[in-house]
Amino acid sequence: MMEKKINGKIYKEIKINKMIINGKEVKGSTIQAQDTIENVNTTVNIITEDDDER
């Protein structure tokens, strides 16, 4: 896994399993324009892959 240091804090790269955008489940890690065009505000939940699931 890759790590990146930003403002003195270390952030680790994690694999995204799926996302929920405005209540709609989306596979992958890209938010499509049509998923955000309906609303002024967009809610995104990111579900990651646990180390135990590998």
Side-chain touch [X]/[Y], heavy atoms, less than 4.5 angstrom:
X: I47; Y: M19; answer: no
X: K4; Y: I6; answer: yes
X: V44; Y: I20; answer: no

Please give me the minimum heavy-atom distance between N22 and N41, naming the atom from each residue.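 Looking at all heavy atoms of both residues, the closest pair is OD1-O, 4.0 Å.
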Steps toward side chain to side chain contact (heavy atoms under 4.5 Å, CB included) verdict (I16, K18): CA-CA 6 Å; I16 295 175; K18 63 183 173 183; 5.8 Å; no
CA sep, side-chain torsions, deciding dist, call: I21, T43, side chain to side chain contact (heavy atoms under 4.5 Å, CB included): CA-CA 6 Å; I21 302 170; T43 302; over 6 Å; no
Drop me the distance from E3's CD to E13's CD, to the nearest 0.5 angstrom.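 The CD atom of E3 sits 10.5 Å away from the CD atom of E13.
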